[in-house]
Structure formats: C-alpha cells, structure tokens
Amino acid sequence: MKTLTYIGQRQIAQGTIELAFHKPEDFVFAAGQNINLKVPALKYEDSKGPRRTFTIASSPEEQVIHIATRISESGYKRTLLEIETGAEFEYLGPQGNFIYDAALENAIYMAGGIGITPFRSMLGHALRIGTKGRITLLYGNARPETSAYHELFLEYEKRAPFLHYIPTMTELPAGDEWRGERRWLSADLAFERAPGAEDATFFLCGPPKMVEALTGQLREKGVAAERIRSESLWGY
Ligand SMILES: Cc1cc2nc3c(=O)[nH]c(=O)nc-3n(C[C@H](O)[C@H](O)[C@H](O)COP(=O)(O)OP(=O)(O)OC[C@H]3O[C@@H](n4cnc5c(N)ncnc54)[C@H](O)[C@@H]3O)c2cc1C
C-alpha cells in the first residue's frame with residue numbers, strides 16, 4: 001500500500017484549494033500525470049466513496065506534491081477541508097498519457113477552470129528544462145479571483161520568453177476594469193490569438209463538455225486528430 005503524507009492546504013483562488021503532500025523518494029512522475037487519492041476516513045457521507053482522481057499540479061522538480069481542487073458540497077471535499085496534518089492518503093498512480101512534450105515546436109494549451117492543473121505542472125517543468133519551441137496558454141475562467149495560478153502564470157510569462165499567456169474572463173460584470181480577453185475558449189479564439197495555430201499541437205483540459213466542444217471546433221478548422229491531445233476531468 002502506497003501512501004502520501006499530508007502537509008497542509010491553502011486557498012489559491014475563490015472556491016479553490018491547493019493541498020501539499022511530502023514527496024516520497026521513489027515517487028516519479030511525468031508533468032501532467034494524475035493520482036487517485038483516498039481520504040483516510042470520510043467525515044461526511046459520500047455516495048461516490050473515499051476516492052477521487054487529481055492531476056498533480058506541481059512539477060516533477062518540486063520537493064512537494066501539490067494537487068488543486070474546487071471545493072464542493074460532496075462528502076469527499078468537505079472531508080478534505082478538515083484533514084489534519086500528518087494524515088496518510090493511500091494513492092494509485094501516477095498515471096496518464098497527457099504529459100509535457102519537450103519536442104514540440106509549437107504547443108497551444110487550452111484550460112477551462114480547474115483544468116489548469118496539468119498545465120501548472122507542465123509549465124513549471126518547461127521553465128526548468130526549457131523547450132524547443134513556443135507555448136501559448138489560453139486559460140478560461142469566470143473572473144480573476146476564481147483563476148487558480150493566474151498570478152503565477154503572469155510571473156512565468158515574464159521569466160520565459162517561450163510562453164505567451166492569454167487569460168480570458170467570461171463572467172465579469174459590465175464595466176469591470178479587466179482589459180484582457182472576455183470571450184469563451186474556442187478554436188476561433190485560439191486561431192485568432194495564438195501564433196502559428198495552423199501548425200500547432202493542441203492540449204485541451206477541462207470538463208468533458210468543454211473538451212468535446214473544443215475538439216469538434218478544432219477538427220472543423222482542419223486540425224488533424226494527431227495534433228489534438230486532451231484530458232477530460234470527469235466528475236465536473
Ligand atoms: C484524469 C482526471 C484528472 C482530474 N484532475 C482534477 C484536478 O486536478 N482537480 C480537480 O478538482 N478535479 C480533478 N478531477 C475531477 C475529480 O476527480 C472529481 O471528480 C471532481 O473534483 C468532483 O468531485 P466532487 O467530490 O467535488 O464532486 P462529486 O461528488 O463528484 O459530485 C459532483 C457535484 O455534485 C455536488 N454534490 C456532491 N455531493 C453533494 C452533496 N452531498 N450535497 C450537495 N451537492 C453535492 C458537488 O458539489 C459536485 O459539484 C480529475 C478527474 C480525472 C478523471
């Protein structure tokens with residue numbers, strides 16, 4: 001039985017927390033992979049049981065393992081909010097093929113909401129090992145306050161000449177001072193804003209409906225299936 005020891009949590013956006021775990025010495029993963037985490041004991045009833053899958057949000061070089069999640073009313077999430085330091089979580093994995101690819105000359109990452117987690121890991125990794133080409137991150141959210149890691153990506157963009165960061169806020173009140181993009185994520189938006197979209201490889205992550213819609217739109221624009229990689233966060 002493999003376990004992770006819980007360190008603590010912090011709020012990283014409105015309604016979103018990041019949990020930290022000690023990284024075992026033999027814990028090896030590729031940026032973008034996920035783990036299945038079992039809470040030690042459910043404190044509140046949950047018809048789906050004590051396990052959920054989460055992408056590892058930290059990069060492989062970091063000394064701790066982070067996951068980030070939207071808080072909800074489910075028994076699992078309410079239990080997470082009350083977990084005590086030192087608790088042991090059984091886990092399965094790391095697993096998954098939605099991983100960083102350093103060989104790509106042009107990658108476009110498209111994340112909806114908490115679908116940002118694999119890209120947090122991949123970009124942290126890219127910053128350390130570098131990349132051959134360029135990466136554009138299109139990140140859709142309701143508002144800046146609900147956007148996990150928004151400030152971090154602004155910082156990454158300053159440090160990494162290969163990174164172009166385009167956040168889009170879709171639920172701002174009229175008259176808000178936000179000067180950036182406000183449209184929903186779409187293939188049109190990607191082709192308009194991301195350099196070289198015609199030849200890029202797309203990475204899509206978010207709720208299943210979003211991933212499905214974007215995949216359809218990209219295919220309609222003539223993007224080959226081999227140039228679309230995706231991860232659906234089932235459960236949202
Ligand atoms: C490969 C993969 C990677 C993933 N990575 C991430 C990740 O990085 N971060 C992340 O957050 N999620 C991730 N997910 C999704 C995650 O596994 C969960 O499905 C998701 O977080 C929803 O879990 P939940 O417990 O909040 O809601 P669920 O229990 O699945 O319920 C769905 C909805 O019902 C509501 N609900 C449930 N029970 C109650 C109740 N008793 N009363 C009122 N309302 C209720 C909840 O508010 C929730 O919105 C990933 C999934 C996959 C497959």
Side-chain angles (χ1 to χ4, degrees), residues 4 6-21 23 27 29-60 62 64-83 87 89-101 109-125 137 139-142 145-150 152-153 171 185 202-212 214-215 228-236:
L4 294 178
Y6 171 71
I7 302 171
Q9 62 183 263
R10 64 184 184 116
Q11 186 173 347
I12 54 168
Q14 226 172 56
T16 307
I17 54 169
E18 181 184 74
L19 283 81
F21 299 87
K23 187 155 114 184
F27 191 96
F29 72 102
Q33 284 193 307
N34 57 74
I35 46 175
N36 182 270
L37 270 185
K38 179 172 181 278
V39 285
L42 278 170
K43 293 192 178 181
Y44 303 94
E45 211 176 300
D46 191 312
S47 58
K48 289 193 181 167
R51 292 186 166 278
R52 293 289 187 282
T53 297
F54 298 104
T55 310
I56 303 165
S58 44
S59 62
E62 290 172 61
V64 290
I65 296 170
H66 284 140
I67 62 147
T69 188
R70 292 282 199 234
I71 306 165
S72 78
E73 287 301 313
S74 76
Y76 183 97
K77 296 282 176 75
R78 288 164 65 207
T79 300
L80 273 192
L81 289 174
E82 296 180 15
I83 290 286
F89 283 63
E90 280 177 45
Y91 73 96
L92 304 172
Q95 60 209 356
N97 302 321
F98 189 72
I99 58 174
Y100 180 67
D101 187 343
Y109 297 169
M110 298 178 80
I114 198 66
I116 196 62
T117 47
F119 302 126
R120 155 73 182 82
S121 180
M122 291 186 204
L123 289 172
H125 186 53
L137 171 63
Y139 181 20
N141 254 292
E145 316 83 88
T146 66
S147 309
Y149 304 121
H150 172 56
L152 183 71
F153 296 136
E171 288 174 31
L185 289 181
F202 288 82
F203 287 69
L204 316 176
C205 187
K209 279 194 177 145
M210 183 208 95
V211 170
E212 196 186 322
L214 289 177
T215 303
I228 305 174
R229 304 181 192 177
S230 65
E231 182 100 283
S232 293
L233 303 193
W234 296 100
Y236 282 112

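Counting starts at 1 for both ligands and their atoms, in listed order.
Every heavy atom of Ile67 sits 4.0 Å or more from the atoms of ligand 1.
Residue, atom and distance of the protein heavy atom nearest to atom 4 (C) of ligand 1 are Leu233 CD2, 3.3 Å. The protein heavy atom nearest to atom 43 (C) of ligand 1 is Glu73 CB, 3.3 Å. Nearest protein heavy-atom neighbour of atom 47 (O) of ligand 1: Ser72 CB, 3.1 Å. Counting only heavy atoms of the protein, atom 15 (C) of ligand 1 lies nearest to Trp234 O, 3.3 Å. Closest protein heavy atom to atom 36 (N) of ligand 1: Ser74 N, 4.2 Å. Protein heavy atom at the shortest distance from atom 33 (C) of ligand 1 is Gly235 O, 4.8 Å. What sits closest to atom 9 (N) of ligand 1 on the protein, heavy atoms only, is Ala68 O, 2.9 Å. From the protein, the heavy atom lying nearest to atom 29 (O) of ligand 1 is Arg52 NH2, 2.9 Å.
Of the listed options Arg120, Glu18, Lys77, Lys77 places a heavy atom closest to atom 21 (O) of ligand 1. Among Phe54, Tyr76, Tyr44, Tyr236, the residue whose heavy atom lies closest to atom 11 (O) of ligand 1 is Tyr236.
Inspection of the Thr215 and Glu212 side chains reveals no N or O donor paired with an N or O acceptor under 3.5 Å.
Of all atoms in ligand 1, numbered sequentially from 1 with element shown, those under 4.0 Å from a heavy atom of Thr117 are 7 (C), 8 (O).
Taken from OG1 in Thr117 to CD in Glu18, the straight-line distance is 10.5 Å, to the nearest 0.5 Å. In this structure, CG in Leu233 is found 9.5 Å from OG1 in Thr69, a value given to the nearest 0.5 Å.
Heavy atoms from both the backbone and the side chain of Thr53 come within less than 4.0 Å of ligand 1. The proximity of Arg70 to ligand 1, defined as any non-hydrogen pair under 4.0 Å, is limited to the backbone. With a 4.0 Å cut-off on non-hydrogen atoms, Glu45 does not touch ligand 1 at all. Under 4.0 Å from ligand 1, the heavy atoms of Asn34 that appear belong solely to its side chain. Of the heavy atoms in Ile114, only side-chain atoms (C-beta onward) come closer than 4.0 Å to ligand 1.
Taking a distance limit of 4.0 Å, we find that atom 25 (O) of ligand 1 is approached by some protein heavy atom.
Inclusion of Lys48 in the set of residues having an N or O under 3.5 Å from an N or O of ligand 1 is warranted. Backbone and side-chain nitrogen or oxygen atoms of Glu231 are examined, and none is located within less than 3.5 angstrom of a nitrogen or oxygen of ligand 1. Close N/O approach between Ser232 and ligand 1 is not found [any backbone or side-chain N/O within under 3.5 Å].
Of all heavy-atom pairs between Ser59 and His125, the closest is CB-N, 3.5 Å.
Counting heavy atoms from C-beta outward, Phe29 and Ile35 have side chains that stay 4.5 Å or more apart. Counting heavy atoms from C-beta outward, Arg52 and Leu37 have side chains that stay 4.5 Å or more apart.
Side-chain N or O atoms of Asp46 include one that pairs as donor or acceptor with a backbone N or O of Tyr76 at under 3.5 Å. In terms of modelled atom types and a separation under 3.5 Å, the side chain of Tyr109 and the main chain of Tyr139 share no donor-acceptor contact. For the pair Ser58 (side chain) and His66 (backbone), a donor-acceptor distance under 3.5 Å is present. Checked by atom type and distance alone, the side chain of Lys43 never pairs as donor or acceptor with a backbone atom of Arg78 at under 3.5 Å.
When each of Leu4, Ile65, Leu80 is paired with Leu19, the side-chain contact (heavy atoms from CB on, under 4.5 Å) condition holds for Leu80 and for no other. Each of Phe27, Phe21, Tyr6 was compared with Tyr91 under the ring-ring contact (aromatic ring centres under 6.0 Å, His included) criterion, and only Phe27 meets it.
The aromatic rings of Phe203 and Phe119 lie perpendicular to each other, with more than 60° between the two planes, well past the 30° mark.
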